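See structure below.
The basis for the numbers below is simple: all heavy atoms, side chains too, and nothing from hydrogens, waters or symmetry mates. Everything quoted here is computed from the prediction, not taken from an experiment. Convention: sequence-line order gives letters A, B, ...; per-chain numbering from 1.
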Amino acid sequence: MKPGIPKGTRDFSPVEVARRTYIFDTIKTVFRKFGYQPIETPTMENLSTLTGKYGEEGDQLIFKILNSGDYLAKADEQKLSARNSKLVTFQISEKALRYDLTVPFARYVVMHQNDIAMPFKRYQVQPVWRADRPQKGRYREFYQCDVDVVGSESLLNEAEFICIYDEALSNLGLKDFTIKINNRKILSGIADIIGKPELIVDMTVAIDKLDKIGYDGVTKELAEKGFTATDIEKLRPFIELSGTNTDKLDVMKQALAASEIGKKGIEEIETIFEYLSSFELNNAKVELDITLARGLNYYTGAIFEVKSNEVQMGSIGGGGRYDDLTGMFGLKGVTGAGISFGADRIYDVMLELNLFPDSATVSTQVLITNFDKLAEKYALPVVAKLRKEGISSELYPASAKLQKQMKYADAKNIPFVVLIGDEEMKSGKLTLKNMHSGDQEQLDIDEIIAKLK
RNA sequence: GUGGUUUUAGCUCAGUUGGUUAGAGCGCCUGAUUGUGGUUCAGGAGGUCGUGGGUUCGAGCCCCAUAUUCCACCCCA
């Protein structure tokens with residue numbers, strides 16, 4: 001049969017794994033620095049844990065797992081004959097691959113509520129699966145790197161998320177990226193004012209197109225979606241929103257004066273900015289963007305999204321606050337907030353910008369050549385000693401032609417080669433070749449170790 | 001889920017209105033060089049043209065189906 005892998009999945013070769021590890025390590029280091037601790041959850045969850053958490057579209061993107069055994073035997077006859085897959089899903093599948101890390105985390109918190117100390121700050125780096133159609137920066141299997149805190153209402157958490165984004169992405173070498181921030185309460189406030197909460201998504205989508213289709217285009221689209229002339233007049237300050245973050249806040253304060261929830265949203269954003277003023281950011285630009293809605297329907301406060309300004313790519317991170325997530329699993333009154341890094345997209349961005357250091361790909365530091373059986377025997381304690389000293393080394397496993405062995409070292413990017421032949425064995429001075437410069441020198445084993453350490 | 005696109009040597013890709021034996025570059029192997037890679041030279045191996053049907057005297061090329069790649073929409077990391 002012809003080998004292949006499922007659509008939207010990928011193999012990772014040594015160089016790619018090294019680079020991905022570099023990304024994960026960089027991000028995890030920052031997570032730990034901010035006081036977060038790692039957890040892991042199973043690859044599969046009960047299907048009932050996941051359904052209904054991501055909206056109707058999200059439910060369709062969940063990879064379901066067929067029950068073991070004869071999964072059709074117990075299925076309802078009538079539902080089966082109806083040939084409607086939605087009817088039989090729960091009869092033939094009770095497990096699914098995790099769709100994100102936030103819902104499993106909420107489940108974890110509820111199940112372990114007696115063991116964890118609040119506020120609980122956790123990070124989690126694991127793959128997730130979505131039955132989406134693949135395209136640029138979109139995979140069916142990809143890694144998320146999440147930090148979430150539960151049991152803390154403080155907006156300091158939100159401010160620190162911005163710091164985490166800034167530090168991690170800056171450490172990875174990204175020079176120009178924007179952290180967009182919005183607040184669900186502001187969106188609710190706008191809906192309050194025009195009295196059409198059900199159209200809030202159409203509204204944000206339309207306003208988002210301002211720079212593409214202009215003010216008239218936006219109003220035209222709004223009218224098509226069912227907004228009256230009075231509505232549009234009330235929306236005017238939001239559509240024309242521009243300038244600095246403080247400019248925007250000033251305008252909105254007036255426009256949302258009549259909405260309690262809207263005012264609360266603005267207040268929250270201001271508090272976050274206030275916290276932020278005590279921290280110094282490296283490369284991140286923070287931008288208030290009221291068109292940021294995000295599909296996940298459980299956000300209740302701040303909403304974040306991160307985009308690179310150097311590369312055309314979907315968002316490389318996102319998150320927000322959700323007051324009622326664990327409520328779905330029966331634990332009321334526990335607030336949570338978190339953000340996620342899309343490691344695979346960050347990888348694609350870094351690749352395009354050539355940001356991976358070469359050092360991330362060096363593995364073996366020295367290759368010992370293998371001339372013949374006698375030299376091999378002589379080399380065994382040498383390679384053992386090098387390894388004992390912590391130097392990655394390998395002995396070529398056959399007495400092949402030297403040319404072949406040198407080519408191997410070259411292909412594997414091994415920086416040093418030790419040659420051991422008759423003369424070296426006689427004198428105890430081994431030949432150390434620097435593959436980069438081509439220089440060679442005769443050294444005893446201790447001198448080589450000192451040189452490579 | 002909707003619309004489009006890609007698929008030919010290990011890799012990146014040519015391949016004329018359908019016409020004999022399908023090409024190039026890079027890589028790989030062998031030798032020049034029995035103890036020296038990355039440069040050079042000579043030679044060599046490697047293809048069911050994504051898969052399955054169809055049209056035709058004849059298909060890499062045309063038609064249908066299907067898989068796959070990438071892209072846009074929707075949504076999202």
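Looking at residues 437-448 of chain A, you'll see Gly438(A), Gln440(A) sit with a heavy atom under 4.0 Å from some atom of RNA chain B.
Nucleotides of RNA chain B nearest to Pro6(A) and Lys401(A) differ in position, and the one nearer the 5' end is that of Lys401(A). Of the two residues near RNA chain B, Asp344(A) and Asp422(A), the one whose nearest nucleotide lies more 5' is Asp422(A).
Remark: the Arg138(A) side chain and the rC75(B) base include a donor-acceptor N/O pair separated by less than 3.5 Å. A donor-acceptor contact under 3.5 Å is not formed by the side chain of Asp410(A) with the base of rG38(B).
In this structure, the CG atom of Leu374(A) is 15 Å from the C1' atom of rG35(B), given to the nearest Å. We find that CD of Gln312(A) is positioned 11 Å from P of rC71(B), with the value rounded to whole Å. Taking atom CD1 on Ile368(A) and atom P on rU36(B), their separation rounds to 19 Å, with Å as the unit. With rounding to whole Å, Met313(A) atom CE is found 13 Å from rC76(B) atom C1'. The CZ atom of Arg130(A) sits 5 Å away from the P atom of rA77(B) (whole-angstrom rounding). Going from atom NZ of Lys407(A) over to atom C1' of rG38(B) covers 10 Å, rounded to whole Å. In this structure, OH of Tyr396(A) is placed 15 Å from P of rG35(B), rounded to the nearest angstrom. Phe341(A) places its CZ atom 20 Å from the P atom of rC76(B), with the value rounded to the nearest Å.
Taking only side-chain nitrogens and oxygens, Gln403(A) comes nearer than 4.0 Å to OP1 or OP2 of rG37(B). In this structure, Gln405(A) does not reach the rU36(B) phosphate: none of its side-chain N or O atoms is under 4.0 Å from OP1 or OP2. An OP1 or OP2 oxygen of rU36(B) is reached within less than 4.0 angstrom by no side-chain nitrogen or oxygen of Lys433(A).
Of the P atoms belonging to rC70(B) and rU12(B), the separation is 12 Å, rounded to the nearest Å. On the P atoms, rG60(B) is 15 Å away from rG54(B), given to the nearest whole Å. Between rU66(B) and rU7(B), the distance separating the two C1' atoms is 13 Å to the nearest Å. Between the P atoms of rU6(B) and rG50(B), the separation comes to 13 Å (whole Å). Distance noted for atom C1' between rA77(B) and rG37(B): 42 Å (whole Å). Separation of the C1' atoms belonging to rG15(B) and rA59(B) is 14 Å when rounded to the nearest angstrom. To the nearest whole angstrom, the two P atoms, one in rG46(B) and one in rU5(B), are 36 Å apart. Across the C1' atoms, rC29(B) and rU2(B) are found 50 Å apart, a figure rounded to whole Å.
Among Leu97(A), Thr89(A), Asp59(A), Ile65(A), the one residue that satisfies the side-chain contact (heavy atoms from CB on, under 4.5 Å) test with Leu47(A) is Thr89(A). Of the options Val149(A), Leu325(A), Asp323(A), a side-chain contact (heavy atoms from CB on, under 4.5 Å) to Thr335(A) is made by Asp323(A) and by none of the others.
Between Glu424(A) and Thr431(A), the side chains place a donor N or O and an acceptor N or O closer than 3.5 Å (distance only, hydrogens not considered). In this structure, a donor-acceptor pair under 3.5 Å is present between the side chains of Glu394(A) and Tyr408(A). Side chain to side chain, Gln124(A) and Thr41(A) meet the donor-acceptor criterion of an N or O pair below 3.5 Å. For Arg133(A) and Gln135(A), the side-chain atoms include no donor-acceptor pair closer than 3.5 Å. If you check the side chains of Asp439(A) and Asn434(A), you find no donor sitting under 3.5 Å from an acceptor.
Nucleic acid contact class of Gly137(A) (heavy atoms, under 4.0 Å, all strands): base. Heavy atoms of Gln135(A) sit under 4.0 angstrom from at least one base atom. Nucleic acid contact for Gly421(A): base, since at least one base atom lies under 4.0 Å from a heavy atom of the residue. Within the nucleic acid shown, Leu419(A) comes within 4.0 Å of at least one base atom, counting heavy atoms only.
Closest contact between the side chain of Lys7(A) and the listed nucleotides rA77(B), rU68(B), rC71(B) involves rU68(B). Of the candidates rA77(B), rA72(B), rG35(B), rG35(B) carries the atom nearest the Glu424(A) side chain, counting heavy atoms from C-beta on. The side chain of Thr431(A) lies closest to rG35(B) when the candidates are rG35(B), rA72(B), rC29(B). Here rG37(B) is the nucleotide among rC71(B), rG37(B), rC76(B) with the atom lying nearest to any side-chain atom of Met406(A). Considering only the side chain of Tyr139(A), rA77(B) comes nearest among rA77(B), rG37(B), rU36(B). In this structure, of rA77(B), rG31(B), rU36(B), it is rA77(B) that holds the atom nearest to the side chain of Arg345(A). Of the candidates rC76(B), rC70(B), rU36(B), the closest approach to any side-chain atom of Lys136(A) belongs to rC70(B). You'll find that the side chain of Ser315(A) is closest to rA77(B), out of rG35(B), rU36(B), rA77(B).
Between the side chain of Asn67(A) and the main chain of Glu94(A), a donor-acceptor pair closer than 3.5 Å is present. The backbone N or O of Ile269(A) sits nowhere less than 3.5 Å from a side-chain atom of Asn183(A) that would complete a donor-acceptor pair.
In RNA chain B, runs of at least 3 consecutive Watson-Crick or G-U pairs, each pair with both distances below 3.5 Å, span B:1-4 with B:70-73, B:10-13 with B:23-26, B:28-32 with B:40-44, B:50-54 with B:62-66.
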>> Does the protein touch nucleotides 3-11 of chain B at the base, only the backbone, or not at all? Give it as B, S and - per nucleotide, heavy atoms under 4.0 Å.
In response: B--------
>> Could you walk me through whether Tyr165(A) and Phe341(A) satisfy the ring-ring contact (aromatic ring centres under 6.0 Å, His included) test, starting with their C-alpha distance in whole Å, then the side-chain angles of each, then the deciding distance to 0.1 Å, before giving a yes or no?
In response: CA-CA 8 Å; Tyr165(A) 271 137; Phe341(A) 287 77; 4.9 Å; yes
> Going through the checks in order, is the side chain to side chain donor-acceptor pair (under 3.5 Å) test met by Thr178(A) and Asn309(A)?
Replying inline: CA-CA 7 Å; Thr178(A) 300; Asn309(A) 299 322; 2.9 Å; yes
>> Walk me through whether Phe356(A) and Tyr347(A) qualify under ring-ring contact (aromatic ring centres under 6.0 Å, His included).
In response: CA-CA 9 Å; Phe356(A) 289 107; Tyr347(A) 181 99; 5.2 Å; yes
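Counting non-hydrogen atoms of other residues, nucleotides and ligands closer than 6.0 Å to CG of Leu374(A) gives a total of 12 or fewer. Within a 6.0 Å sphere centred on CD of Glu447(A), heavy atoms belonging to other residues, nucleotides or ligands number more than 12. When the shell of 6.0 Å around CZ of Phe24(A) is examined, it contains more than 12 heavy atoms from other residues, nucleotides or ligands.
With centroids closer than 5.5 Å and planes inclined by less than 30 degrees as the test, Phe142(A) and the base of rA77(B) pass as a stacked pair.
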